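Labels below follow one simple rule: chain letters A, B, ... track the order of the sequence lines, proteins then strands, and each chain is numbered from 1. Everything quoted here is computed from the prediction, not taken from an experiment.
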Amino acid sequence: MKHKLMIVDDSMIIRNHITRLMSDPRLPQFEIVGLAGDGERALALAKERRPDCITMDLTMPNMDGEACIEQLAACLPETRILVVSALADKATALRALTKGAHGFVHKPFSDDALVTSLLELME
Amino acid sequence: MNFRALTPEDIEVFSEAISNFFNLMTRQAAQVKTAYVFKEAAPILWNDFNGLIQVSGGFRGSIAFSAPRGLLNEILIVMGEADKTDAHFLDIVGEIANQLSGRARKHFGEALDISTPISCERDGFPLHTTAQGPAYAIPLTWGPYEAHLVVHLDLVRKG
């Protein structure tokens, strides 16, 4: 069974980039079930599509990533969340992990770094 | 609150962020040049596309990335983006400003509270910031293209 992945980022370019990475031969077990550009949309879409995993930006309009992670952890505790964010300080990473994220990748990221992190996320 | 202007050491953090971005995202190094201080009180961004991040928390002011269409077009190609409309250029210039600002938090810590990006095309984009210290332009070349990171920040003085 494939892992249902949702991509959350306010940048269309980043959403497209991660989408293209799903054709990497190391990720045949992932399928994209939703894309969202802010936390509010992500939360609504996640409740509907029930993804197994989510890549989550932090700095977003409407609802930021931290608030979205906190709500997702409460309503979809089985969903694994990989933060993909430009915020590179340790305090932010720790706070995201405390609120329910399972991994953290800093932007800018290499394709290899994201592929490896997604594989580790779903191990 | 009592603020101070950025120091050359602070500015170096942004130069390193530029190098890191181009190395990781494009695998082609950018040549980061010496930063200089804007003489104008309100610097105006002059390139085709501009992405602006407003900062708050322990800072006040803004961080902006200003780049020509050609440079952004090449970055989109490297990232595998097939479509290249103005919407794509506005998106990527804002995302670069976001990534460069976010990287700086590794040095400054979470006191550097950054906004979502605001992007626009050339003209009509004066930097209305609350910073009162000098604004720095950090020029870079990447292939045949030149772009600038414009950092206009004051930092809360500690102690």
Side-chain angles (χ1 to χ4, degrees), chain A residues 7-24 35-42 56-68 83-99 104-117, chain B residues 13 16-27 30 49 51 53-55 57-58 63 65 72-73 75-119:
Chain A
I7 300 169
V8 183
D9 199 299
D10 63 339
S11 166
M12 163 186 62
I13 301 296
I14 298 298
R15 293 196 302 272
N16 292 349
H17 187 60
I18 297 174
T19 298
R20 281 190 295 276
L21 276 180
M22 291 306 112
S23 62
D24 187 291
L35 306 171
D38 64 61
E40 274 184 12
R41 174 71 182 141
M56 176 71 70
D57 190 13
L58 291 181
T59 309
M60 293 186 293
N62 298 329
M63 179 192 290
D64 68 23
E66 277 188 32
C68 189
V83 175
V84 181
S85 171
L87 303 182
D89 60 295
K90 284 181 184 171
T92 297
L94 283 173
R95 204 166 48 239
L97 293 169
T98 302
K99 288 185 174 176
F104 203 109
V105 174
H106 290 130
K107 295 177 182 176
F109 54 84
S110 67
D111 292 356
D112 278 347
L114 192 65
V115 167
T116 302
S117 296
Chain B
V13 169
E16 289 170 7
I18 293 168
S19 296
N20 185 61
F21 173 85
F22 282 93
N23 287 339
L24 267 175
M25 290 303 286
T26 73
R27 296 180 184 172
F49 293 94
I53 301 291
Q54 292 171 324
V55 305
I63 300 164
F65 186 69
L72 300 174
N73 186 60
I75 289 175
L76 290 177
I77 290 170
V78 168
M79 293 179 75
E81 188 67 47
D83 298 325
K84 296 174 196 70
T85 64
D86 281 1
H88 289 78
F89 294 128
L90 289 167
D91 187 301
I92 191 64
V93 80
E95 180 60 21
I96 294 171
N98 173 55
Q99 293 194 17
L100 298 179
S101 305
R103 176 78 180 183
R105 276 174 52 127
K106 193 171 185 179
H107 171 78
F108 293 112
E110 62 179 337
L112 183 71
D113 195 4
I114 68 178
S115 72
T116 53
I118 303 164
S119 300

Engaged part of [X] at the chain A interface, taking heavy atoms whose separation is under 4.5 Å:
X      : answer
B:N23  : neither
B:E110 : both
B:S101 : neither
B:L100 : neither

Just verifying a value: how many Å separate [X] [atom1] and [Y] [atom2], rounded to the nearest 0.5 Å?
X      : Y      : atom1 : atom2 : answer
A:S85  : B:R105 : OG    : CZ    : 7.5 Å
B:D91  : A:I13  : CG    : CD1   : 4.5 Å
B:L112 : A:D89  : CG    : CG    : 8.5 Å
B:N98  : A:L87  : CG    : CG    : 7.0 Å

Contact check, side chains of B:M25 and A:K107, non-hydrogen atoms, under 4.5 Å: no
Test item: A:H106 and B:K106 side chains (from C-beta on) under 4.5 Å apart, heavy atoms: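 Answer no - side chains too far apart.
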As an exercise: rank A:L58, A:D9, A:N16 by heavy-atom pairs under 4.5 Å with chain B and give me the winner.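 Ranked by heavy-atom pairs under 4.5 Å with chain B, first place is A:N16.
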Between A:M12 and chain B, which part of the residue has a heavy atom less than 4.5 Å away: side chain, backbone, both or neither? both
For [X] against [Y], the heavy-atom pair lying closest together:
X      : Y      : answer
B:E95  : A:S11  : OE1-CB, 3.5 Å
B:L24  : A:S110 : CD2-CB, 4.0 Å
B:T116 : A:M60  : CG2-C, 3.5 Å

Please determine whether the number of non-hydrogen atoms from other residues, nucleotides or ligands lying under 6.0 Å from atom CZ of A:R41 exceeds 12. no
Whether over 12 other heavy atoms sit under 6.0 Å from A:K90 NZ: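 No, because the 6.0 Å sphere around NZ of A:K90 holds 12 heavy atoms or fewer from other groups.
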With chain A, the option among B:H88, B:R27, B:H107, B:R103 that has the most non-hydrogen atom pairs under 4.5 Å is B:H88
